[in-house]
Engineer: 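Pasting a structure here, questions to come.
Values below: all heavy atoms of this structure, side chains included; hydrogens, waters and symmetry mates excluded.
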Amino acid sequence: MQPMSDQPARWTQATVYPDMWTDPDDDPRDNGNSPDGELATLQDFLTNYRMTLRMKCEGLDAEQLARRSVPPSTMSLLGLLRHLAEVERDWRNWLGDDEPLPKLYGARDADFLGAVAEQAVVDAAHADLEREQAATDAALAEHADLGERVGKDGIAIRELLVHRIDEYARHCGHADLLRECVDGRVGQ
């Protein structure tokens with residue numbers, strides 16, 4: 001007799017490596033090309049982490065995306081989408097000396113606390129993230145020298161790019177655990 005568990009079974013479509021969710025030949029993040037140069041390498045890593053986050057959220061409904069599946073944490077996959085939209089906007093604030101852009105979702109932690117199981121909230125989160133990523137990418141593209149120091153804190157463009165990669169990588173790790181708790185889909 002098997003013990004009862006409220007944890008979902010591990011889910012994978014991989015046939016070669018059962019601890020992955022897809023076979024390496026089917027992974028859209030691996031195009032077989034290695035970028036040349038520091039900027040291209042940083043952008044490639046960022047692109048792949050962004051794609052990973054989207055993959056973690058694919059195929060889930062609004063309730064599943066909003067589910068806080070690792071209590072007592074307030075994190076959910078939807079909250080992560082909203083949080084990353086918020087931090088993309090915040091990184092643009094580091095580029096200049098102007099007044100900071102207003103928060104997208106209001107008070108501290110509203111990105112997670114406002115991640116409710118409504119399709120309109122899910123759609124808005126995806127749109128917000130896409131818009132904020134594009135705006136930050138465009139703002140950074142104006143600075144070709146990775147060593148250039150910008151903003152009132154004199155932060156290097158390279159540091160901003162690495163910090164973005166770090167933020168996505170950390171939250172993709174969270175997304176692995178959240179997704180596995182929602183439906184058993186394993187990370188990769």
Engineer: Apply side chain to side chain contact (heavy atoms under 4.5 Å, CB included) to residues Leu140 and Leu161 and explain how you reach the verdict.
Structural biologist: CA-CA 9 Å; Leu140 284 169; Leu161 287 168; 3.9 Å; yes
Engineer: Between Arg164 and Asp137, is the closest basic N to carboxylate O distance under 4.0 Å?
Structural biologist: yes
Engineer: Minimum heavy-atom separation for Leu65 to Ser76, with atom names?
Structural biologist: O-CB, 3.4 Å
Engineer: Measure the acute angle between the ring planes of His174 and His171, then classify it against the limits of 30° and 60° as parallel, tilted or perpendicular.
Structural biologist: tilted
Engineer: What is the minimum heavy-atom distance between Lys56 and Ala175, and which atoms define it?
Structural biologist: CG-CB, 3.8 Å
Engineer: Take atom CG in Asp145; do more than 12 heavy atoms of anything else shown fall under 6.0 Å from it?
Structural biologist: yes
Engineer: Considering only heavy atoms from C-beta outward, does the side chain of Tyr49 approach that of Leu53 to under 4.5 Å?
Structural biologist: no
Engineer: If you compare all heavy atoms of Ala66 against all heavy atoms of Val116, which two are closest, and at what distance to 0.1 Å?
Structural biologist: CB-C, 3.7 Å
Engineer: For the residue pair Trp91 and His163, does the interplanar ring angle fall in the parallel (under 30°), tilted (30 to 60°) or perpendicular (over 60°) class?
Structural biologist: perpendicular
Engineer: Going by heavy atoms in the side chains, are Leu80 and Phe112 under 4.5 Å from each other?
Structural biologist: yes
Engineer: Taking the side chain as every heavy atom from C-beta outward, state whether His143 and Leu160 have any pair of such atoms under 4.5 Å apart.
Structural biologist: no
Engineer: Any side-chain heavy-atom pair from Glu88 and Arg131 closer than 4.5 angstrom?
Structural biologist: no
Engineer: Inspect the surroundings of CD in Gln133 and state if more than 12 heavy atoms from other residues, nucleotides or ligands are less than 6.0 Å away.
Structural biologist: yes
Engineer: Contact between Leu60 and Arg179 at the side-chain level, heavy atoms closer than 4.5 Å - yes or no?
Structural biologist: yes
Engineer: Begin with the C-alpha distance, continue with both residues' side-chain angles, and end with the deciding distance and a verdict on side chain to side chain contact (heavy atoms under 4.5 Å, CB included) for Leu95 and Ile157.
Structural biologist: CA-CA 8 Å; Leu95 290 170; Ile157 295 298; 3.8 Å; yes
Engineer: So do the side chains of His83 and Met75 get within less than 4.5 Å of each other, counting heavy atoms only?
Structural biologist: no
Engineer: Is it true that a side-chain atom of Arg82 and a backbone atom of Leu113 form a donor plus acceptor pair closer than 3.5 Å?
Structural biologist: no
Engineer: For the residue pair Tyr168 and Leu46, establish whether any side-chain heavy-atom pair is separated by less than 4.5 Å.
Structural biologist: yes
Engineer: Taking the side chain as C-beta and beyond, is there a heavy-atom pair between Leu81 and Leu77 under 4.5 Å?
Structural biologist: no
Engineer: To the closest 0.5 Å, what do you measure between CG (Leu129) and CZ (Arg54)?
Structural biologist: 8.0 Å
